Enquirer: 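Have a look at this one.
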Number of protein chains: 2
Amino acid sequence: MSREEQEAEELSLKTFTVLTRAAQAVKKQAEEDIRQHGLNPTEFAVLELLYHKGEQPIQKIGGKVLIASSSITYVVDKLEKKAYLSRRPCPTDRRVTYASLTEEGTDLMNEIFPKHRQRMHDVLGGVTEDEKTSLIELMKKLGMHAGSL
Amino acid sequence: MSREEQEAEELSLKTFTVLTRAAQAVKKQAEEDIRQHGLNPTEFAVLELLYHKGEQPIQKIGGKVLIASSSITYVVDKLEKKAYLSRRPCPTDRRVTYASLTEEGTDLMNEIFPKHRQRMHDVLGGVTEDEKTSLIELMKKLGMHAGSL
DNA sequence: CCTTTTTATCTCGAATTCGAGATAAGTATA
DNA sequence: TATACTTATCTCGAATTCGAGATAAAAAGG
C-alpha cells in the first residue's frame, strides 16, 4: 500500500473518530435534558414523532426511530403505562395498531419540546449558522453513502 | 420569540438530527465489520486502545473508551475469557490492575485492524478528502463546545 | 376457494450498559 | 498514629436493546 493510500485511510479513520466523539457529546447533552423530564431518548423520540406527525401505525414508528420491532413494543408499553400514549386498533386492518398521544402526552410535549429545542440550540452553539449549513450538507452526503452500503 | 430565533433553533435541531443520523449510519457499518470478527464495538475499542497505546491500567481504559467502571469489568472479563487480554496487578499500587494484549490478542489485531481501517475508509467514501478535513475541523468545534457544557 | 407468502405485532431470553454501593488500598490531615 | 478522604476495581440488580420465533391477519397465486 502506498504512502498516499495509508494517509487517506488515516484521514478517514480520524474523521470517523471525530464524528463519533462529536455525536456522543451532543447525544449525552440531549439525553441529560430528556431524562430530566423522566423519559429516555427512545421514549422521547417516539413522543416527538407522534407530536409532529400525529397518529402512526406502531410499525412505522420503528422505521422512523430506527429500533427493532421488539423494542417498539417495549417502549410503547412504557409510554402507555405512563398514560402519554394510547393504542387504537385499525378498523380496516386487524393486524395494525395505531399509537397516538393522549391529552397528557400532548401537554407534556407542549411543555418540554420548546425547552428541548432551546437546549439543543445551546449545545450546538460551538459552530456558526453557516458552519451548521456546511455540516448538514457534508453529513448528509456522508450519511447517505454510509447508509447505502 | 422572534422569527429569526425560531429559525436559528430549527437549524440547530436539523444539524443535530443530521449529525445523529450520519453517526448512526457510520456506526452501524463499523459494528457490522467488527461483529464479523466475533467482537462487539466496546471490545474492539478496548483492544484497539491496548494495541496502539500498550498496557493500560483498567481505570484509564474507561476514560478513553468512555464507559462506566462497571462496564469495563464486564468487557475486560469477556476479553480475558477469549484470551485476547490478560490482567496484571500493579506491583507498586495494589489497587491497580493493568490490562494488556496477549499474543493472541496482538495477532488478532494485526489481522483485523487493517481490514477495519480499509472498511471505514470505504464507509467514509461519500465525501472528498477536503470535505473530511472540513468535517474534522467543524465537528471538533462542535464536540468541544458540547463536551464543555 | 385453498395454499403460500407477506406483514404487523408481540413474547421471550440473551447481551450490553449503567448506577449504587462494597471492598480494599493509598493519601492527607489532625 | 488514628481518622478521614480519595481512588481503583468489582458485585449486583435494573434498564434497554436486540434477534429469533410465535401468532394472527391480509394478500397473492393457482
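The structure displayed is predicted, hence computed values, not measured ones. So you know, we letter chains A, B, ... as the sequences are listed, proteins then strands, and number each from 1.
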Enquirer: Starting at the 5' end of DNA chain C and moving along, which residue's nearest nucleotide shows up first, B/S69 or B/V75?
Expert: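 So the residue in question is B/V75.
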Enquirer: Checking B/T102 side chain against B/A83 main chain: does a donor-acceptor pair fall under 3.5 Å?
Expert: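 Such a contact is found between B/T102 side chain and B/A83 backbone.
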Enquirer: Do you know which of B/L39, B/L47, B/I34, B/D107 makes side-chain contact (heavy atoms from CB on, under 4.5 Å) with B/I112?
Expert: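 The passing option is B/L39.
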Enquirer: Given 3.5 Å as the limit, does a donor-acceptor pair link the side chain of A/E9 with the main chain of A/Q6, or not?
Expert: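 Judged by distance alone, no pair lies under 3.5 Å.
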Enquirer: For residues 115-148 of chain A, which residue pairs pass the ring-ring contact (aromatic ring centres under 6.0 Å, His included) check, not counting sequence neighbours?
Expert: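 Sorted result for residues 115-148 of chain A: A/F44-A/H116.
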Enquirer: Would you please name every residue forming a side-chain hydrogen bond (donor to acceptor under 3.5 Å, both in side chains) with B/R95, sequence neighbours left out?
Expert: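 Partners of B/R95 under the side-chain hydrogen bond (donor to acceptor under 3.5 Å, both in side chains) test: B/D93.
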Enquirer: May I ask you to list the residues of residues 22-43 of chain A, by number, that have any heavy atom positioned under 4.0 Å from an atom of DNA chain D?
Expert: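 Output list: A/N40, A/T42.
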Enquirer: Are A/T97 and A/Q59 side-chain neighbours, meaning at least one heavy-atom pair lies under 4.5 Å?
Expert: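 A/T97 vs A/Q59: side chains apart.
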Enquirer: Assess whether a salt bridge exists between A/E7 and A/R3, defined as any Lys/Arg side-chain N lying under 4.0 Å from an Asp/Glu carboxylate O.
Expert: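 Here A/E7 pairs with A/R3 in a salt bridge, since their nearest N and O are under 4.0 Å apart.
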Enquirer: Give every pair of a protein N or O atom and an N or O atom of nucleotides 27-29 of chain C that lie under 3.5 Å apart, one pair per line with the distance.
Expert:
none

Enquirer: So which of residues 53-61 of chain B are in contact with DNA chain D, with a heavy-atom cut-off of under 4.0 Å?
Expert: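 Result for residues 53-61 of chain B: B/I58, B/Q59, sorted by number.
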Enquirer: Any donor-acceptor pair under 3.5 Å linking the side chain of A/T15 with the backbone of A/L11?
Expert: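 It does hold such a pair.
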Enquirer: Does the side-chain contact (heavy atoms from CB on, under 4.5 Å) test come out yes or no for A/S71 and A/T42, once each step is laid out?
Expert: CA-CA 9 Å; A/S71 305; A/T42 311; over 6 Å; no
Enquirer: Across the strands shown, which category fits A/I72 at heavy-atom distances under 4.0 angstrom: base, sugar-phosphate, nothing?
Expert: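 No contact.
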Enquirer: Between B/D77 and B/K82, does the salt bridge (charged side-chain N to carboxylate O under 4.0 Å, His left out) criterion hold? Intermediate values first, please.
Expert: CA-CA 9 Å; B/D77 281 353; B/K82 291 180 184 176; over 6 Å; no
Enquirer: For A/S70, report the nucleic acid contact type (base, sugar-phosphate, nothing); a contact means any heavy atom under 4.0 Å.
Expert: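 Answer is base: heavy atoms of A/S70 come under 4.0 Å of a base.
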Enquirer: Tell me whether B/D122 is salt-bridged to B/R117, with the criterion being a basic N under 4.0 Å from an acidic carboxylate O.
Expert: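 B/R117 and B/D122: not salt-bridged.
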Enquirer: Scan B/T73 against the nucleic acid and name what it touches under 4.0 Å (heavy atoms): base, sugar-phosphate only, or nothing.
Expert: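 Base, at least one base heavy atom under 4.0 Å.
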Enquirer: Is the shortest side-chain heavy-atom distance between A/L19 and B/L19 below 4.5 Å?
Expert: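 Yes; the side chains approach each other to less than 4.5 Å.
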Enquirer: Can you give the first and last nucleotides of DNA chain D, 5' to 3', that have an atom under 4.0 Å from a heavy atom of chain B?
Expert: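 The protein-touched segment is D/dT7 to D/dC12.
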Enquirer: Please verify the inter-ring angle class for A/F113 with A/H52; under 30° counts as parallel, over 60° as perpendicular, anything in between as tilted.
Expert: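 The arrangement is perpendicular - the two ring planes meet at more than 60°.
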